[in-house]
> 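The structure under discussion is supplied below as structure tokens; questions concerning it will follow.
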Amino acid sequence: MSQILPFTEANTKRVSSLFRQALRTAFDHSLKFDLYRAQTINIRSQFDANKHVSNAEELEHLIKLTEAKLKEWKHPDPYIPPCRPGGTKYQRNIPVAREPLVPGDW
């Protein structure tokens, strides 16, 4: 396994992706904004507590723990915005086709 260096762009993207996933998971579990806001503050404080980790092994361990926690807390029915693929309004009003629907010369 290759050596993981802390404070690189790849690790920054990896940690920010985990942070966004944690926020989405928190939103899936509480659709009320006041409860969600309290959870976001808690998530942010947990990420900030480990912001200055410079040991590569410890960083990898923390990332693995975070991924395991996200997998454990994954919601069985996550919130999907209505206009996104899989949402309730996705492609509901498809534009009318300009060409004839039935081929042939009538």
Side-chain angles (χ1 to χ4, degrees):
M1 186 170 173
S2 64
Q3 177 86 16
I4 296 175
L5 300 174
F7 307 119
T8 61
E9 185 179 351
N11 278 332
T12 302
K13 288 182 180 181
R14 194 171 172 197
V15 171
S16 64
S17 173
L18 289 172
F19 182 70
R20 284 192 307 271
Q21 288 177 29
L23 293 179
R24 287 188 197 112
T25 302
F27 186 72
D28 290 340
H29 284 279
S30 63
L31 293 176
K32 295 189 177 186
F33 185 76
D34 54 343
L35 299 175
Y36 171 67
R37 179 68 178 141
Q39 288 179 346
T40 59
I41 293 170
N42 183 21
I43 291 168
R44 179 63 188 246
S45 67
Q46 290 178 21
F47 273 81
D48 282 343
N50 298 313
K51 178 165 57 172
H52 301 293
V53 172
S54 59
N55 184 0
E57 290 82 21
E58 186 178 356
L59 176 66
E60 185 63 27
H61 178 70
L62 288 171
I63 288 174
K64 294 293 182 194
L65 284 176
T66 305
E67 289 172 345
K69 189 183 279 190
L70 284 172
K71 189 174 183 180
E72 174 188 346
W73 280 94
K74 184 176 179 171
H75 199 278
D77 187 22
Y79 174 75
I80 301 172
C83 293
R84 292 282 190 167
T88 56
K89 288 177 64 178
Y90 182 66
Q91 289 189 343
R92 181 181 288 176
N93 297 320
I94 299 173
V96 178
R98 299 286 182 212
E99 64 274 352
L101 296 177
V102 179
D105 187 17
W106 298 94

> Are L70 and F47 linked, directly or through intermediate hydrophobic residues, by side-chain heavy-atom contacts shorter than 4.5 Å (ILVMFWY only)?
yes
> Would you mind reporting whether W73 and H29 have side-chain heavy atoms less than 4.5 Å apart?
yes
> Can you name the closest pair of heavy atoms from N55 and E57 and give their distance?
OD1-OE1, 2.6 Å
> Under 4.5 Å between any side-chain heavy atoms of Y36 and L23, yes or no?
yes
> Look up atom CD in Q21 and atom CD1 in I43, then write down how far apart they are to the nearest 0.5 Å.
11.5 Å
> Should we count NE2 of H61 as having more than 12 external heavy atoms under 6.0 Å?
no
> Please tell me if the side chains of F19 and T66 come closer than 4.5 Å, counting only heavy atoms from C-beta onward.
no
> How far does CG of L59 sit from NZ of K64, to the nearest 0.5 angstrom?
11.0 Å
> Under 4.5 Å between any side-chain heavy atoms of E67 and R14, yes or no?
yes
> First locate atom OG of S17, then atom CG of N11, and finally report the distance between them rounded to the nearest 0.5 Å.
12.0 Å
> To the nearest 0.5 Å, what is the distance between NZ (K69) and CG (L62)?
10.5 Å
> Can you confirm whether the side chains of Q46 and N50 place a donor and an acceptor under 3.5 Å from each other?
no
> Taking side chain as C-beta onward, heavy atoms only, is I41 less than 4.5 Å from R44?
no
> Is the closest side-chain heavy-atom distance between P78 and R24 below 4.5 Å?
no
> Report the distance from atom NE2 of H75 to atom CZ of F27, rounding to the nearest 0.5 Å.
11.0 Å
> Taking atom NZ of K89 and atom CD1 of I80, what is their separation to the nearest 0.5 Å?
15.0 Å
